[in-house]
Amino acid sequence: MARRSRAGNGATTSVLPTAPRGHSRAANGTASEDAAVPGHVRDLNLAREGRMRIEWADRHMPVLRAIRARFAKEKPLKGLRIAACLHVTTETANLARTLEAGGARVFLCGSNPLSTQDDVAAALVTSYGVSTYAIKGEDHQTYYSHIVSCIEAEPHVTMDDGCDLVTVLHTKKKEYLKHVLAGTEETSTGVTRLRAMAASKVLRYPVIAINDADTKHLFDNRYGTGQSTMDGVLRCTNMLVAGSTVVIAGYGWCGRGLATRAKGMGATVLVTEIDPLRALEAQMDGYHVVSMSEAAPLGDLFITVTGNKSVLRREHFLAMKEGAIVANSGHFNVEIDIPALERLSDGKKQVRPFVEEYKVQGGKRIYLLGEGRLINLAAAEGHPAMVMDMSFANQALSVEYLRKKGKALSKDVHSVPGEIDREVARLKLKSMGIDIDTPTADQDRYMRTWSEGT
Ligand SMILES: NC(=O)c1ccc[n+]([C@@H]2O[C@H](COP(=O)([O-])OP(=O)(O)OC[C@H]3O[C@@H](n4cnc5c(N)ncnc54)[C@H](O)[C@@H]3O)[C@@H](O)[C@H]2O)c1
C-alpha cells in the first residue's frame, strides 16, 4: 500500500519504490480506490473532487472514450512504459487512463510549475493508479526532480509538452536513452526545440509532432487557447473587455483564436508580428497590425503568444500607460522580460490571486498576470475538454502507431500519419452527429482526370 507522509514543502506524498514494475494499478482506467502507486502530489485528500472533475471532462471527450474502449479490448500498448510530461489537468487524466487501458504504464509529471491541478493529481494517484509527480506552484528544483522521477521509470515512449523531459533525457540522464523507442510532442514550442535537436543531429529517437496534426493545431491552438486565455485573464482580473484595447503579440494558430475572441468581446485588437505573411493575414482579417513600440502606449491588455522571448521588454514597459495588464499564453515564461520589469520597479505586491502589481519608475502601475506563465493554465483550467479530445486522441493513436512502426522511423521529427488525423476528424464528427457527403463515382473520376475542362 501507499505510505503517505508530509514532504518538506507541505505536499502529501504517496511513497513506494519508483520501480516501474510490480505494483498494483487500476485496470482499464477505471477507478480503484486502493491502487498503490508511487507519486508526489500536494494532498491525496483532494482526490474526490479531482475524480468528479475528471469524469466531467470525460463526458466531453467522446473520441478518446471510443479509443479507450477499443484499447481496453485490444491492449495494443501492453507492457509499454510511458513517461509523460504534460499539463496535469482533467483532460490529461483521461489521456493517461486511455493509455493505461491499452496496457501501458504511465508516469506523469507536470510540464509547467503552475499548470497542475492538485485535485486531479491526487485522483490520478489514488483512483486511477497513475504515478503522478506534480504540484501546483512547485519550485524549479522540484519541477525538474519530478521529470527525473518519470525518466527513472525507464520509459519506452516519452510524451512531452515543451520538450523539457526530452532535454533532460538527452543531457543529464543519457543512460536512460537506451530504453526509449520513440516519443511524441504536444506543442509548437516543443516541436521547434526538437527540430533544432534533429538539425544538430543530437536527437536520439523519432518523435511525432502532435502539434502539427490538423486535428490538433487548427482546433486546440486556435479555439482552445483563444477561449481559455481570455478565461484566464477574466478570472484573475474581472476586467471589462468591451471598449478596451487588447494587444496580441503573434498571429499564429493561438494568436488567431485569441484575436477572434477578444474582438468578439468588443475589444479593439492590435496585432504585432515578425512574419510578413501572418501580419498581412491579420490586417486582412480586420485587425490593426502595428509594431510593439506603437502598441505599447495604447494597450489596456497585452497578451504574448509567440513562442519567442522578450517580446515585451524594457522599452515597452516604459511606454505603457498606467494600469496596463500584461499576460502570456505562449509555452515558456520568457515572452515577457520579467527581470527587466523587476529592474524598472520600485516594488511589487500581489493584489489578487495571479495578479502582481509593479510600481514602475514614477509610480506607474503595471499588472503582471500568472508570473508570465501560460495564463490559461495558471489562472483557469486550460483548454476545454471538447477540444483536448482531439489533441489527445492524436496522442493515443500516435503511441499505438509508434509501438508498431517506431523502430523503422528515423531519429527525426515526424508528422502524425494522415490516416490518424482523418480518423480523429471522422470520430469527432460522428460524436457530434454530423454527416458529410461521399463523392459520387462520377465525381471521384472527375477529380482524377485532367482532360475534362469547360
Ligand atoms: N496556452 C496554451 O495552452 C497553448 C496551447 C498551444 C500552444 N501554445 C504555445 O503558444 C505559442 C504559440 O503557438 P502557435 O501554435 O500559435 O505557434 P505559431 O508558430 O503558429 O505562431 C507563433 C507566431 O508568433 C510570431 N512571432 C514570433 N516572434 C514574434 C515577436 N517577437 N513578435 C510578434 N510575433 C512573433 C510568429 O511569426 C508566428 O506567426 C507556442 O509557445 C506554443 O507552444 C500555448
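We count ligands from 1, going down the list as the structure has it; atoms in each ligand are counted the same way. Since we're looking at a predicted model, the values are computed, not measured.
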For Asp161 and Glu186, indicate whether the former's side chain and the latter's backbone hold a donor-acceptor pair under 3.5 Å.
-> no
Note every protein N or O atom lying under 3.5 Å from an N or O atom of ligand 1, pairing the names and giving the distance.
residue: ligand 1; atom: 1 (N); partner: Ser329; partner atom: O; Å: 2.8
residue: ligand 1; atom: 1 (N); partner: Ser329; partner atom: OG; Å: 3.1
residue: ligand 1; atom: 1 (N); partner: Asn376; partner atom: OD1; Å: 3.1
residue: ligand 1; atom: 1 (N); partner: Asn376; partner atom: ND2; Å: 3.3
residue: ligand 1; atom: 3 (O); partner: Asn376; partner atom: ND2; Å: 2.8
residue: ligand 1; atom: 3 (O); partner: His383; partner atom: NE2; Å: 3.2
residue: ligand 1; atom: 13 (O); partner: Ser188; partner atom: OG; Å: 3.3
residue: ligand 1; atom: 15 (O); partner: Ser188; partner atom: OG; Å: 2.6
residue: ligand 1; atom: 15 (O); partner: Asn221; partner atom: ND2; Å: 2.8
residue: ligand 1; atom: 16 (O); partner: Trp253; partner atom: N; Å: 3.1
residue: ligand 1; atom: 16 (O); partner: Cys254; partner atom: N; Å: 2.9
residue: ligand 1; atom: 20 (O); partner: Trp253; partner atom: N; Å: 3.2
residue: ligand 1; atom: 20 (O); partner: Arg278; partner atom: NH1; Å: 3.3
residue: ligand 1; atom: 21 (O); partner: Arg278; partner atom: NH1; Å: 3.4
residue: ligand 1; atom: 28 (N); partner: Asn308; partner atom: ND2; Å: 3.1
residue: ligand 1; atom: 37 (O); partner: Glu273; partner atom: OE1; Å: 2.8
residue: ligand 1; atom: 39 (O); partner: Glu273; partner atom: OE2; Å: 2.5
residue: ligand 1; atom: 39 (O); partner: Arg278; partner atom: NH1; Å: 2.8
residue: ligand 1; atom: 41 (O); partner: Thr189; partner atom: OG1; Å: 2.5
residue: ligand 1; atom: 41 (O); partner: His331; partner atom: N; Å: 3.0
residue: ligand 1; atom: 43 (O); partner: Thr187; partner atom: OG1; Å: 2.6
residue: ligand 1; atom: 43 (O); partner: Thr189; partner atom: N; Å: 3.1
residue: ligand 1; atom: 43 (O); partner: Thr189; partner atom: OG1; Å: 3.3

Cation over ring, Arg365 on Tyr367, under 6.0 Å and within 45°?
-> no
On the 0 to 90° scale, with breaks at 30° and 60°, tag the Trp56-His60 ring pair as parallel, tilted or perpendicular.
-> perpendicular
Would you list the atom pairs, donor with acceptor, under 3.5 Å between side chains in residues 377-386 and any protein atom, with sequence neighbours excluded?
residue: Glu381; atom: OE1; partner: Arg53; partner atom: NH1; Å: 3.1
residue: Glu381; atom: OE2; partner: Arg235; partner atom: NH2; Å: 3.2
residue: His383; atom: ND1; partner: Asp220; partner atom: OD1; Å: 3.0
residue: His383; atom: NE2; partner: Thr225; partner atom: N; Å: 3.1
residue: His383; atom: NE2; partner: Thr225; partner atom: OG1; Å: 3.0

So which pairs with a foot in residues 195-204 pass side chain to side chain donor-acceptor pair (under 3.5 Å), sequence neighbours left out?
-> Arg195-Asp212
Under 3.5 Å, sequence neighbours excluded: what are the donor-acceptor pairs made by side chains of residues 407-418?
residue: Ser410; atom: OG; partner: His414; partner atom: NE2; Å: 3.4
residue: His414; atom: NE2; partner: Ser410; partner atom: O; Å: 2.8

